[in-house]
There are 2 protein chains.
Amino acid sequence: MSRHDEIRQEMLRRINDGEWPVGSDIPHEMVLTEEFGAARGTVRRALSTLVEQGLIERRKRAGSRVVGQTSQTSKLHIPLIREEIESRGHAYSYRLLEREVKPGLHGIGTRNGLLWVRCLHLADGAPFQLEHRTINLDTLPQAAEQPFRVTGPNEWLVREVPATRVITRISAAAAEAEIAEILAVPEHAPLLIVSRETFMGEAHLTEARLSHPAEQYQVTTLSI
Amino acid sequence: MSRHDEIRQEMLRRINDGEWPVGSDIPHEMVLTEEFGAARGTVRRALSTLVEQGLIERRKRAGSRVVGQTSQTSKLHIPLIREEIESRGHAYSYRLLEREVKPGLHGIGTRNGLLWVRCLHLADGAPFQLEHRTINLDTLPQAAEQPFRVTGPNEWLVREVPATRVITRISAAAAEAEIAEILAVPEHAPLLIVSRETFMGEAHLTEARLSHPAEQYQVTTLSI
DNA sequence: AAGTGGTCTAGACCACGTA
DNA sequence: ACGTGGTCTAGACCACTTC
């Protein structure tokens, strides 16, 4: 355990034991620096981690204070669907349903159009995730050469394309007739839907709508 | 924009423009330090942010390399339900449905028991979130004195209790008859369910199961 | 206005993992 | 075995925000 970890542990203990109650100011950096006998940078590193965790707040000239659970954030990690399925011990398979180039929309893909893909990811032969994928051919023209016949767009994107910004939306919906049939669930069965938009800088790269039968899938996040 | 931000921006540009393609090694710290004319710590800070964003990977003695979207993580921030409703411009109201102390389970709350609360959060008078809450009275004995009659457990927890670890699970389900009635949706209507377990160190603090009519609610996450 | 947190520098030592 | 990234120190200047 590094020194800044030790210092952070001790700070956590003080918060936990009520020595630094929620809402109270904690000692200034220089005080802590002397007390722990460490350099200022080391103390600051411990404090920064606590800020990331959402346990303390820092304001210039006003010191730092302990906060409650308000600003608790978690990390959401959505792995490759193949890895997700294989990590559960199931056999992964893939089926391309549709692939076509469509004209652009709303200023996205207006020059080269949009590559539109619909495909299915299966676990032990049973439908697990229905993927509606749109790829912007203005920013990713190489995608036009990808058949996506034996592996999905995800695999290719992960291997080739870096992204700086991802927006993920998680929602629930009742399965419409067509989707219900593809996913082999009753009509109006609950679905868990993950929608992701991916950007590189300001450039829009791709968009995915991933529908799962609710019984088979849930999203889990861990704290920072 | 601070120097480490400028350096990071330039690194992002190189990744974006393919000067540093996915899978390739990027220059060593000392090379970058010289090139940018900054201190090593500043370059390292820029690199650290890129690691957090999941854009590069670092391995001792082997250098750093650009990775694809595999390890993309997002930050999930679930605010106080009251703030969520008010930020949409609706009037928030609260109704306590049930409150009772139950014996502990699975080693959780085995001394003092568990405080079990069921309550409803409404937007403009319409049901928005049904909350099933369990509070561990071993770790949070003060909770036993809280009536939760006019404000929910959330408000109290946020004000009083810090947490170091939060596990969040997001799932979908069809509304059972009783829940459907409380939420004023048809039976079997899709629900978006957010479950959270909260810990301070190893100590289990509280657990919540938050059910929302799917039409009214979705979870959004942003990249780091 | 002043003191806090934020940033940056320059240097050193260390441990680990790959070559 | 050795060079890389990881950590820590000591010091300085700055800008913001509260007092």
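All heavy atoms count here, side chains included; hydrogens, waters and symmetry mates do not. A, B, ... follow the sequence lines: proteins, then strands. Residue 1 opens every chain.
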Whole angstrom value for the distance that separates [atom2] of [N] from [atom1] of [X]:
X        : N       : atom1 : atom2 : result
Glu57(A) : dG5(C)  : CD    : P     : 14 Å
Arg45(B) : dC8(C)  : CZ    : P     : 7 Å
Lys60(A) : dT7(C)  : NZ    : P     : 8 Å
Glu34(B) : dT9(C)  : CD    : P     : 14 Å
Arg40(B) : dT4(D)  : CZ    : P     : 10 Å
Arg65(A) : dT18(D) : CZ    : P     : 10 Å
Arg3(B)  : dC14(D) : CZ    : P     : 17 Å
Arg58(A) : dT4(C)  : CZ    : P     : 12 Å

Next on the checklist: OP1 or OP2 of dG6(D) versus the side-chain N and O atoms of Ser2(A): is any pair under 4.0 Å?
Outcome noted: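 Result: no.
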Checklist entry - Would you say dG6(C) has OP1 or OP2 under 4.0 Å from some side-chain N or O of Arg44(A)? => result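 It does, given that an N or O in the side chain of Arg44(A) lies less than 4.0 Å from OP1 or OP2 of dG6(C).
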Checklist entry - How about Arg133(B) and Thr206(B): does a side-chain donor come under 3.5 Å of a side-chain acceptor? => result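 Per modelled atom types, Arg133(B) and Thr206(B) side chains form a pair under 3.5 Å.
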Checklist entry - Just by distance, do the side chain of Asn136(A) and the backbone of His204(A) share a donor-acceptor pair under 3.5 Å? => result yes
Next on the checklist: Go nucleotide by nucleotide along DNA chain C from the 5' end; which of Arg59(A) and His4(B) gets its closest nucleotide reached first?
Outcome noted: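 Nearer the 5' end of the strand: Arg59(A).
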Checklist entry - If you find the nucleotide of DNA chain D closest to Ala62(A) and the one closest to Ala38(A), which residue's nucleotide is nearer the 5' end? => result Ala38(A)
Checklist entry - Nearest nucleotide by nearest heavy atom, which residue falls closer to the 5' end of DNA chain D, Arg61(A) or Asp5(A)? => result Asp5(A)
Checklist entry - Could you state the interatomic distance from CD (Gln9(B)) to CE (Met1(B)), rounded to the nearest 0.5 Å? => result 5.0 Å
Checklist entry - Using 30° and 60° as the class limits, which term best fits the ring planes of His121(B) and Tyr94(B): parallel, tilted or perpendicular? => result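 Tilted, since the angle between the ring planes falls between 30° and 60°.
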